[in-house]
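Heads up: numbering here begins at 1 and tracks the sequence. These numbers come from the heavy atoms of this one structure, side chains and all, not from hydrogens, waters or symmetry mates.
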Amino acid sequence: MPAARESLLDAAYTALVRRPWSAVRMVDVAAAAGVSRQTLYNEFGSKDGLARALVRREADGFLAGVDRALTGHSDPGDRLTATAEWTAAAARENLLVRAMLTGCWSERLPAPALTAVSSTSAVPAQRRADGPLPSPGDFVALVRDRAVGLLAAPGTAKSDSSDLARSCELAVRLALSCVAAPPGEGGVAGLVRSALQRQAG
C-alpha cells in the first residue's frame, strides 16, 4: 500500500508543520490522508513508528537531492558547490532535515532514537524505518562518500583520493555551518568555492 503510506506521511508532515508533534493526533493524520485509522496503525504500528518512518523518508529525500546535485554538473567544484547549496536549502526548508543535520531536535519535533528498535512489522518499508537512523556525523560521512564515489576518477591514487575526501567533507561541513549561521554576501556557493580554491592552492 505504497500510495496510502506516502499520503499518510505527507499528512503527518503537514500536521507537524502546523503544530508540535505532541499535538498531532493519529486520527487526524488518517482523516487528512483519506484512510481509516486502522490503516494507519497497520502501516506504522504506532505514533512512534509513524515518526520513525517520517524521519526516514525525509532523510532519504535529502540524500536523493545530494545525488541529483552531484550529478547535475560536469566540473567537480560545481558539483560540490551544488551539493553544499542543496544541503543548506534543504535544511532551511525542511524542519526535520534541519534537525537531522544539526542534531538539534526541538520539543515540537518527534525525536526518534537513532538506534534501531525491534520491529515485527509486516511492512518492509516500516522495518527499514525501524532500523538505525542517521546521526549528523553519519550524514557528513554519507554525503562525503557519495561525492568521492562520483568524483574520483578510476585508478585515482590513494593520496589524491584522500585529498578529494577532504575537499568533499569540507564542502559538507561548510554547508552545515551555513545552516547554523546563514552566510553573508556570496552565500553558500561563494563560501564553498573560496574554501575549495584555497585548499587546492
Side-chain angles (χ1 to χ4, degrees), residues 1-72 82-83 85-143 145-146 172 175-176 179-180:
M1 169 174 300
R5 185 177 180 85
E6 283 304 306
S7 295
L8 286 162
L9 291 171
D10 289 342
Y13 186 82
T14 299
L16 176 61
V17 168
R18 295 181 179 152
R19 56 189 172 273
W21 185 250
S22 60
V24 172
R25 298 182 331 142
M26 297 288 270
V27 65
D28 296 334
V29 171
V35 301
S36 71
R37 190 169 60 160
Q38 188 58 52
T39 298
L40 173 59
Y41 279 100
N42 289 347
E43 195 67 29
F44 301 103
S46 65
K47 188 174 179 183
D48 185 57
L50 175 61
R52 290 185 70 82
L54 183 58
V55 169
R56 171 63 68 186
R57 182 183 76 161
E58 300 310 306
D60 290 347
F62 166 71
L63 291 171
V66 165
D67 290 341
R68 287 191 300 276
L70 285 168
T71 57
T83 301
E85 288 179 306
W86 161 253
T87 298
R92 187 173 49 250
E93 296 165 9
N94 186 312
L95 64 165
L96 287 176
V97 169
R98 182 182 182 92
M100 284 184 278
L101 291 176
T102 62
C104 297
W105 295 85
S106 73
E107 65 280 351
R108 67 167 277 114
L109 297 176
L114 296 178
T115 56
V117 298
S118 59
S119 181
T120 58
S121 178
V123 180
Q126 189 57 39
R127 288 197 303 273
R128 181 170 181 270
D130 290 340
L133 297 170
S135 69
D138 293 334
F139 275 111
V140 170
L142 285 166
V143 175
D145 294 348
R146 278 176 145 96
V172 175
L176 291 178
V179 169

Visitor: Measure the CZ-CD distance between Arg98 and Glu58 for me, rounded to the nearest 0.5 Å.
Guide: 15.5 Å
Visitor: Check for a donor-acceptor pair, side chain of Asp130 on one end and backbone N or O of Arg127 on the other, with a separation under 3.5 Å.
Guide: no
Visitor: Sub-3.5 Å donor-acceptor pair from the side chain of Arg52 to the main-chain atoms of Gly131, do we have one?
Guide: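 Indeed, once roles are kept as given, a pair shorter than 3.5 Å links the two residues.
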Visitor: Does atom CZ (Arg19) have a neighbourhood of more than 12 heavy atoms from anything else shown, all under 6.0 Å?
Guide: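 Check passes, neighbour count above 12.
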Visitor: Which atom names give the shortest non-hydrogen contact between Leu8 and Ala30, and what distance separates them?
Guide: CD2-CA, 4.0 Å
Visitor: Determine, step by step, whether Thr14 and Val29 satisfy the side-chain contact (heavy atoms from CB on, under 4.5 Å) criterion, reporting the C-alpha distance in whole Å, the side-chain angles of both residues, the deciding distance to 0.1 Å, and the verdict.
Guide: CA-CA 9 Å; Thr14 299; Val29 171; over 6 Å; no
Visitor: In Å and rounded to the nearest 0.5 Å, what is the CG to CE distance from Leu114 to Met100?
Guide: 10.5 Å
Visitor: Kindly give the heavy-atom pair with the smallest separation between Ala59 and Phe139, and that separation in Å.
Guide: CB-CZ, 3.7 Å
Visitor: Is Phe44 close to Val123 at the side-chain level, that is, under 4.5 Å between some pair of heavy atoms?
Guide: no
Visitor: Quick check: do Pro110 and Asp48 have side-chain heavy atoms less than 4.5 Å from each other?
Guide: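 Pro110 vs Asp48: side chains apart.
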Visitor: For residues Ala88 and Val179, report the shortest heavy-atom separation together with the two atoms involved.
Guide: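 Reported closest heavy-atom pair: CA-CG2, 4.0 Å.
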Visitor: Check whether any side-chain heavy atom of Tyr13 sits under 4.5 Å from a side-chain heavy atom of Asn94, and report yes or no.
Guide: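 Sidechains of Asn94 and Tyr13: in contact.
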Visitor: Give a yes or no on whether a salt bridge exists between Arg128 and Asp60, defined as a side-chain N under 4.0 angstrom from a carboxylate O.
Guide: yes
Visitor: If you count the non-hydrogen atoms of other residues, nucleotides and ligands that lie under 6.0 Å from CZ in Arg108, is the total more than 12?
Guide: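 It does: Arg108 CZ has more than 12 such atoms within range.
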Visitor: Search all heavy atoms of Gly103 against all heavy atoms of Pro136 and return the closest pair with its distance.
Guide: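 Scanning both residues completely, I find the closest heavy atoms to be N-CG, 3.5 Å.
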Visitor: At their closest point, which heavy atom of Ala11 faces which heavy atom of Ala32, and how far apart are they?
Guide: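 Heavy atoms only, the tightest pair is CB-CB, 3.8 Å.
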Visitor: Report yes if some heavy atom in the side chain of Arg57 is under 4.5 Å from a heavy atom in the side chain of Asp10; otherwise report no.
Guide: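 With C-beta onward as the side chain, the pair touches.
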Visitor: State the CD-CD distance between Glu43 and Gln126, to the nearest 0.5 angstrom.
Guide: 7.5 Å
Visitor: Are side-chain heavy atoms of Leu96 and Leu16 found at a separation under 4.5 Å?
Guide: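 Counting from C-beta outward, Leu96 and Leu16 do come under 4.5 Å.
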Visitor: With side chains defined as the heavy atoms from C-beta onward, is the minimum distance between Thr83 and Arg146 less than 4.5 Å?
Guide: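 No - every pair of side-chain heavy atoms lies 4.5 Å or more apart.
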Visitor: Can you find a pair of side-chain heavy atoms, one from Val143 and one from Leu63, that are under 4.5 Å apart?
Guide: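 Yes; the side chains approach each other to less than 4.5 Å.
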Visitor: Checking side chain to side chain donor-acceptor pair (under 3.5 Å) for the pair Thr39/Asn42: CA distance, chi angles, key distance, verdict?
Guide: CA-CA 5 Å; Thr39 298; Asn42 289 347; 5.3 Å; no
Visitor: Can you find a pair of side-chain heavy atoms, one from Trp21 and one from Leu109, that are under 4.5 Å apart?
Guide: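 Of all side-chain heavy-atom pairs linking Leu109 with Trp21, none is under 4.5 Å.
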Visitor: When the ring planes of Phe62 and Trp86 are compared, do they come out parallel, tilted or perpendicular, using 30° and 60° as the limits?
Guide: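 Parallel, since the angle between the ring planes stays under 30°.
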